[in-house]
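All heavy atoms count here, side chains included; hydrogens, waters and symmetry mates do not.
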Amino acid sequence: MTSICNSSAPQPLAATPLVLPMSEGHVRAGFPSPAEDFAVNRLDLTQILVTHPQATFLLRVAGTSMREAGIDDGDTLVVDKAIKPRHGHVVVAVVDGEFTVKYLHQRAGRVRLKAANPTFPDIVPKDGQTVEVWGVVSSCIKRFTV
Amino acid sequence: MYALVDGNNFYVSCERVFRPSLNGRPVIVLSNNDGCAIARSNEAKALGIQMGAPWFKIRHLEQDAGLVALSANFTLYGDMSNRMMSLAAGLGPTQEIYSIDESFIGLQGVRGDLVSRALKVRARIHQWTGIPTCIGIAPTKTLAKLANHIAKTAERKPGSYPQVLAQVCNLATLPAQDLDEVLQATAVGEVWGVGPRIAQQLQDGGIQTVLDLTRMDAATIRRGWSVTLEKTVRELQGQSCIELDDAPGPKQQIACTRSFGKPMHELEPLVEAVSEFAGRAAEKLRKQNCLASELLVFMHTSPYRPGAQCSRSVVVPLRRPTDDTLALAQAAADGMRYMYVPGFRFIKAGVILVELQPASVQQWELDLEPLEHEDAATATTPRDRSRLMTAMDAINCRYGKGTVHSAATGKAGPKREWGMKQERRTPQYTTRLEDVPVVRT
């Protein structure tokens, strides 16, 4: 004979309280949306503008020497510190302890920082000094008064 | 195998990312209220500034040595920590975030040269976030922490340890004799889990260096001290006793304590302050989905100021476990009114929520008294305000802390009499659009 429970001693139902969640599901009547199978996420600006979230910072522009590059006073720059700076990049560099935004110019082993406006002088590191690039500018956000 | 990744002089390093002019200068970060130094640049350490040095004692160094002192900007440090931790996680398959600037990484299954891998992660954290780190690697957490100390000290003080151990130190691959030399060169007080008192006792017992402690018999340590110290010794001997805690459980207690911008002696502002602290603590409590059954309120005078000292605290039991800001603020205010004594200049107060329990498990009660209590404003009110609390949290999350708060906390804003003194705080560079750093063209 097989017995399911061969003891007459009381059996505990459960040692710990069992928490049952309330179901949040609904049963809907009516027509299903024809778009349901095509649903994807809406475009997300953060995803478009930010490749390396941990390395991305926003900086505000002051000054006009980069206007010809589309970077104007009051614009907001998206700066990515993960990108390796190369010739032609717009970069945020540290000059005398201050942030400055310029084109990075690297030719024949010489590095200099150039403004987009040619009337501004280039920044050339003095002997023994290096140009410290803080990050590479990947976008410029320009907001209009609306 | 474990690694410990730790940000160097973390708060100072965070400030320097956005103010490069601070590089090379002695810089310290002051605790809430500009009380004492809680982070020091290497240059500040070289000036002899100790951890925790009261600001008024070192203030003269501003004039004499070009010292820069900044108020703590925890919003900034929290964001930078987040960035650093998510990059440190790339070192191995598991991670325990141990503090704002330290995280343990489990290295099980990681192949190849650990040191070169660690150097790469270190370089990436530095380039991506601007934060310099040191990494210690060893078979146990206690040894990894020690390895980190060695990596840091070797970098900061050339000659203290072999130069190859600077920045990244792997104790597991060190030849036995070299390992002994390194442990011999390290004071026993540097060991994780050995506090100043135990260090003194060990030294009195002739155990001066980490090597001495490592060579102790674990059973002797257990008899003479404790099981905890025995674990530490076993860990130093290479036997892993402390597991990686990659999902820390909910906190057992939640505290919100602050020093005041200036000493307080009137009752009403003190009541406002603890009501506010209770609100902040309640917010944290709801975040971890818990209820509190008791609330502790305390206050004390400044140990640095001459005159009579006073330190009071009281535990306020709550009629029913709750996460309701209004109920907790009321309890904190009741506690303050109960323990308040006039005639003292109180410098610090706080609220600690204890006896926490998960909100999902509720102890129902016999219906011995009417649910709608006669005095609806007291802590015993059973009215369900959970929707109000959810709305409050949502508003404060979206529009900033303290946008809506209990009226008992008084006029919002920095003008509050008991508000924090943060005269030297830098902007919230990474979390407020108005505060982002300015770059000249």
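- Note that CZ of B/Arg440 and CZ of A/Arg60 are 13.0 Å apart. Values are rounded to the nearest 0.5 Å.
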For side chain to side chain contact (heavy atoms under 4.5 Å, CB included), just list the numbers for B/Val436 and A/Leu58, CA-CA rounded to whole Å, side-chain angles, deciding distance to a tenth of an Å, and then say yes or no. CA-CA 6 Å; B/Val436 302; A/Leu58 299 181; 4.0 Å; yes
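- By the neighbour-count criterion of 12 heavy atoms within 6.0 Å, atom CD of B/Glu434 is densely surrounded, having more than that number from other residues, nucleotides or ligands.
- Shown here for A/Gln54 and B/Arg83, the closest heavy-atom pair between the two residues is O-NH1, 3.1 Å.
- Residue-environment remark: NZ (A/Lys142) exceeds the threshold of 12 foreign heavy atoms within 6.0 Å.
- Using a distance-only test at 3.5 Å, with no hydrogens or angles considered, a donor-acceptor pair links the side chain of A/Trp134 to the main chain of B/Val17.
- Within the 4.5 angstrom heavy-atom criterion, no atom of B/Leu22 approaches chain A.
- Between atom CD of residue A/Glu98 and atom CZ of residue B/Arg19 there is a gap of 9.5 Å, rounded to the nearest 0.5 Å.
- Within the model, atoms OG1 of B/Thr441 and CG of A/Asp73 stand 7.5 Å from one another, a figure rounded to the nearest 0.5 Å.
- Contacts of A/Ile83 with chain B are made by backbone atoms alone, with heavy-atom separations under 4.5 Å and no side-chain atom involved.
- Within a 6.0 Å sphere centred on CG of B/Asp64, heavy atoms belonging to other residues, nucleotides or ligands number more than 12.
- Here the CZ-NE2 distance, from B/Arg124 to A/His52, works out to 7.5 Å after rounding to the nearest 0.5 Å.
- Scanning all heavy atoms of the two residues, the minimum distance from B/Gln127 to A/Lys81 falls at NE2-O, 3.0 Å.
- Both the backbone and the side chain of B/Thr129 come within contact range of chain A, judged by heavy atoms closer than 4.5 Å.
- Between A/Phe57 and B/Phe18, the ring center distance clears the sub-6.0 Å criterion.
- Using a 4.5 Å cut-off between heavy atoms, A/Val94 contacts chain B through its side chain alone, with no backbone atom that close.
- How far CG of B/Leu433 is from CZ of A/Arg143: 7.0 Å, rounded to the nearest 0.5 Å.
- When heavy atoms are compared at a cutoff of 4.5 Å, B/Met84 does not approach chain A at all.
- Atom CG of A/Asp80 sits about 7.5 Å away from atom CH2 of B/Trp128, to the nearest 0.5 Å.
- Neither the backbone nor the side chain of A/Ala115 comes within contact range of chain B, judged by heavy atoms closer than 4.5 Å.
- Of the options A/Val101, A/Val79, A/Ile71, a side chain to side chain contact (heavy atoms under 4.5 Å, CB included) to B/Val439 is made by A/Val101 and by none of the others.
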